[in-house]
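All chains are named by letter (A, B, ...) in the order of the sequence lines, taking the proteins before the strands, and each is independently numbered beginning at 1.
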2 protein chains.
Amino acid sequence: MKPLSSEPTNQMRPFEQSLPMGLLRARESAMKVFRPMLADHNLSEQQWRVLRALSARAEQLDAGELAEKTFLLAPSLSRILASLEKRELIERADDPADQRRSLISLSGNGADLVSRIGPTSEALYRSIEEAFGRDRLKRLLAELSDLAAMELHAVRS
Amino acid sequence: MKPLSSEPTNQMRPFEQSLPMGLLRARESAMKVFRPMLADHNLSEQQWRVLRALSARAEQLDAGELAEKTFLLAPSLSRILASLEKRELIERADDPADQRRSLISLSGNGADLVSRIGPTSEALYRSIEEAFGRDRLKRLLAELSDLAAMELHAVRS
DNA sequence: TTCATATACTTAACATGTTAATAGTCTTAG
DNA sequence: CTAAGACTATTAACATGTTAAGTATATGAA
């Protein structure tokens, strides 16, 4: 039944059910699981992304690579690196090939911290997998990846 | 033999493929489509969420309802409402039943602005639907909704 | 070599995210 | 009716998001 047939054709859809809001809600729901654990270690979500990116490979990364991996803009990353360096969780070394870059890596303290948090983080992730379904979650991630990879052209009004 | 100082465990999954990062990437990709249009009208994503929420129903909303619908925290919403009021896109009226609340609604200017942006926004949304698949997008939104609705308990380390 | 341009990062300025504290207003136990 | 506590919104303080400008280094054309 269509009781609203008299509404204008350019009626906007309820924004609560829009894709951006759906993605926002889903992400907030997922992060609610992880944030208390990070708070226990005085880490923001963004700081944790940096530490995780540096722990993924044992090698050094420059700020550009790190920004790409953590999905942080350069100015935010600059401030975050300064604070992590002050806390002695990361270290910087000059790049001998390019004086503009510095090579960033986990410090011993940083590696220890990641090691302490890692198991809990994995356990939380597995609890999401169990609640939602492992294969189902895998399919969802694949769909999200396809969506992100789409070439969408912006149109200006 | 393993050294006593712990190395980052390799048992963590690559965080680039984690659920939080997947959701973040997907959302950024979707918002890239809409942000230029909003920028043309000097609106942030958050300001647009407020205007959209107020236009969805012609009725007045208090700040609490608005915060829930727009997924904004109260302090952010307070500042955004102040700026929208200064631009005369919204209006506030005293709630006769409760002096703590004020009832917020679109001004004439605000309603006009939403009317001007609405068609372009809908067109962009349809372009995403076409590129990704209408039914496929509907299924994705349903999955995201299920994920957000899950009761996930945080665990502290 | 020299100089204009590009690149990598940082800093600046302001909006928003986030938690804690504050100020009014409402509600209700006593 | 009063006072204590709860509720609603705002303000404060600091981290992060975002765009623009600035600094230092690298690159390439003449």
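Look at A:Arg92 and you'll find a side-chain N or O under 4.0 angstrom from OP1 or OP2 of C:dT10. OP1 or OP2 of C:dG17 sits under 4.0 Å from a side-chain N or O of B:Gln46. Remark: B:Ser78 is in phosphate contact with D:dT10, judged by side-chain N or O atoms under 4.0 Å from OP1 or OP2.
Remark on DNA chain D: of its neighbouring residues A:Leu77 and B:Glu65, the 5'-side contact belongs to B:Glu65, judged by nearest-heavy-atom nucleotide. Mapped onto DNA chain C by nearest heavy atom, A:Glu28 and A:Gly64 fall at different nucleotides, with A:Gly64 at the one closer to the 5' end.
Within the 4.0 angstrom heavy-atom criterion, base atoms lie near B:Ala74. Contact annotation for A:Ser44: backbone-only contact, meaning every heavy-atom pair under 4.0 Å involves sugar-phosphate atoms and none involves a base. Among the atoms of the strands shown, none is found under 4.0 Å from any heavy atom of B:Glu45. Nucleic acid contact class of B:Leu72 (heavy atoms, under 4.0 Å, all strands): sugar-phosphate only.
A pairwise comparison of heavy atoms in A:Arg92 and A:Ala82 identifies NH1-N, 4.3 Å as the closest pair. The minimum heavy-atom distance linking B:Gln60 with B:Ala93 is given by the pair NE2-CB, 4.2 Å.
The CG atom of B:Leu43 sits 16 Å away from the C1' atom of D:dT18 (whole-angstrom rounding). One atom, CE of B:Met31, and another, P of D:dG17, lie 15 Å apart when rounded to the nearest Å. Following rounding to the nearest Å, B:Gln47 (CD) and C:dA15 (C1') show an atom-to-atom distance of 8 Å. Rounded to an integer number of Å, the gap from NZ of B:Lys32 to C1' of D:dT19 is 17 Å. In this structure, the CZ atom of A:Arg79 is 12 Å from the C1' atom of C:dT16, given to the nearest Å. In this structure, the CG atom of A:Leu61 is 15 Å from the C1' atom of C:dA8, given to the nearest Å. Look at CG on A:Leu81: it is 15 Å from P on D:dA15, rounded to the nearest Å. For the pair B:Arg27 CZ and D:dG17 P, the computed distance is 13 Å after rounding to whole Å.
Look at A:Arg25 and A:Glu16 and you find no salt bridge, because none of the NZ, NE, NH1 or NH2 atoms lies under 4.0 Å from a carboxylate O. In summary, A:Lys138 and A:Glu129 do not engage in a salt bridge, as defined by a charged side-chain N under 4.0 Å from a carboxylate O.
Comparing atom distances between the B:Arg101 side chain and each of D:dA9, D:dT16, C:dG17 picks out D:dA9 as nearest. You'll find that the side chain of A:Ile80 is closest to D:dT16, out of D:dT16, C:dT16, C:dC9.
Shown here are the salt bridge (charged side-chain N to carboxylate O under 4.0 Å, His left out) partners of A:Glu65, two or more places apart in sequence or in another chain: there are none. Judged as a side-chain contact (heavy atoms from CB on, under 4.5 Å), and not counting sequence neighbours, the contacts of B:Arg27 are A:Pro20, A:Leu23, A:Leu24, B:Met31, B:Glu45, B:Arg49.
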Just do the side-chain contact (heavy atoms from CB on, under 4.5 Å) check on A:Phe34 and A:Ile117 with the steps written out, would you?
CA-CA 11 Å; A:Phe34 294 99; A:Ile117 296 178; over 6 Å; no

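The distance from the CG atom of B:Asp62 to the OG atom of B:Ser102 is 8.0 Å, given to the nearest 0.5 Å.
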Produce a footprint string for nucleotides 19-27 of chain C: one letter per nucleotide, 5' end first; B if the base is under 4.0 Å from any protein heavy atom, S if only the sugar-phosphate is, - if neither.
BB---BBS-

